[in-house]
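Report on one structure; see the data block that follows.
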Amino acid sequence: MARTTIWHPFTQHGLEPLETEIMRAKGAWLETTDNRRILDAISSWWVVTHGHRHPAIVEAIKTQADRLDQVIFAGFTHPSADALAYKLVSIAPPGLAHVFFSDSGSTSVEVALKMALGYWRGIGEPRTRIAALEHGYHGDTIGTMSAGSRGLFNATYEPLLFDVVHIPFPVAGREQATLDALDAACRDAPLAALVVEPLIAGAGGMKIYSAATLAEMKRICAHHGALLIADEVMTGWGRTGTLFACEQAGITPDIMCLAKGITGGSLPLAATLASPAVYDAHFSEDRTRTLFHSSSFTANAICCAAALANIGIWEEESVLDRIAAVSEMQLSQIAALADDARFANPRCLGTIGAIDLRVPDGGYLAAAGPALRAHFLNNGVLLRPLGNTIYVMPPYCVTADDLARAYGAIREIPAEITSA
Ligand SMILES: *Cc1c(COP(=O)(O)O)cnc(C)c1O
């Protein structure tokens, strides 16, 4: 393998072939420089919701770029940020009233953790203990890796990570163990916050849990005064069947993190929404109670305009109907694999379909990953399994034929990969 000038994310350049170059994209499809078409069956790493280059978003970006590109956001604001903050508060679970902008999912979670500690310090009862769900993923910065599950991806950095209380994942049928562990953690010592991905652990392997369990976790946190941070970076913007996953549990978290689909997946932007209590604990004439966080591109005007256009699409088009149709297609495609002995644990949540490939052992996975990706790409489909979990997470404009193509490629996984 050749050394490359560009150092790609999550890429072992010593093992993986040269990258595919994409020249254009439209809807659910990517086009390579050499004119091959590839179905974007993972929404370009979970960010693209309506489809690539939705005309309303493209138009909003152009218009905003012609007016205001970027302005410092301390001491200044601009109309797109103002409008976006009001819209976000109006569509978020009721009770979230304040919006802090940043530029990636990781920073939105970092900000959430800082808000939580700032809250406890602000009300004069400092708490710093953070709990997180097993199999969680919250980003790749040091703070968010600390909150995430530990393993291959962060072993090198382990000495820099802070301790968190890991609560067992609420596996179907064993939810009570999770709730008991959370309750025990709260009784052991005061907890500042519990951070969870609502309803589904994404990067942790598309592991799904019930809305009732999420509601119970919220209840236990509230009972002990611990804040609940909902990391909706992946689940937000319709992924799980509702605009936000928390809606399905009927809960309002104390802090909610949004990124990925907030601009329809067109530009980087993130928002951390907070309850009045969290904001008020920082609101003071005392400078030491300031939320000391900023990114250079906080609330970038072009990104905010793209996010406003995304919400406009939600208001003007029947996005939830489209999502329901994609969910139906996913259910039938996944059901068709249920009897296939090569697979296990077929599951769906909203627009996400996932299944596990039965494999001999973990070490084998590292070899199967690149082989699977190459197989899918050769069939014109962008899929990127998580270990032995194959998942399909398309943009909402995907057609039944498109999905049939993705699942066809899954069905045709060569025997040498499954039995290696
Ligand atoms: C992707 C993801 C993040 C990190 O977002 P980035 O924009 O990649 O920093 C955080 N939390 C969850 C649940 C995610 O899926």
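Ligands are counted one by one from 1 in listed order, and the atoms in each one are counted from 1 as well. Start at 1 with the first residue, then count along the sequence. Computed from a predicted model, the values in this text were never measured in an experiment.
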Quick test of your reading of the model: are E31 and R36 salt-bridged, counting only N-O distances below 4.0 Å?
no
Any residue meeting salt bridge (charged side-chain N to carboxylate O under 4.0 Å, His left out) with D183, in chain and number order, not counting sequence neighbours:
R187
Ion pair present between E317 and R322, side-chain N to carboxylate O less than 4.0 angstrom?
yes
For residues 143-173, pull every pair meeting ring pair (Phe, Tyr, Trp, His ring centres under 6.0 Å), keeping only residues two or more places apart or in separate chains.
F10-F153, H135-F169, F169-Y209
Enumerate the protein residues lying less than 4.0 Å from ligand 1, judged by heavy-atom distances, in chain and residue-number order.
W46, S104, G105, S106, Y137, H138, G139, E197, D231, V233, M234, K260
Check the angle between the aromatic planes of H13 and H8 and answer parallel, tilted or perpendicular using the 30° and 60° thresholds.
tilted
Applying salt bridge (charged side-chain N to carboxylate O under 4.0 Å, His left out), can you list everything that pairs with D254, at least two apart in sequence or on another chain?
K218
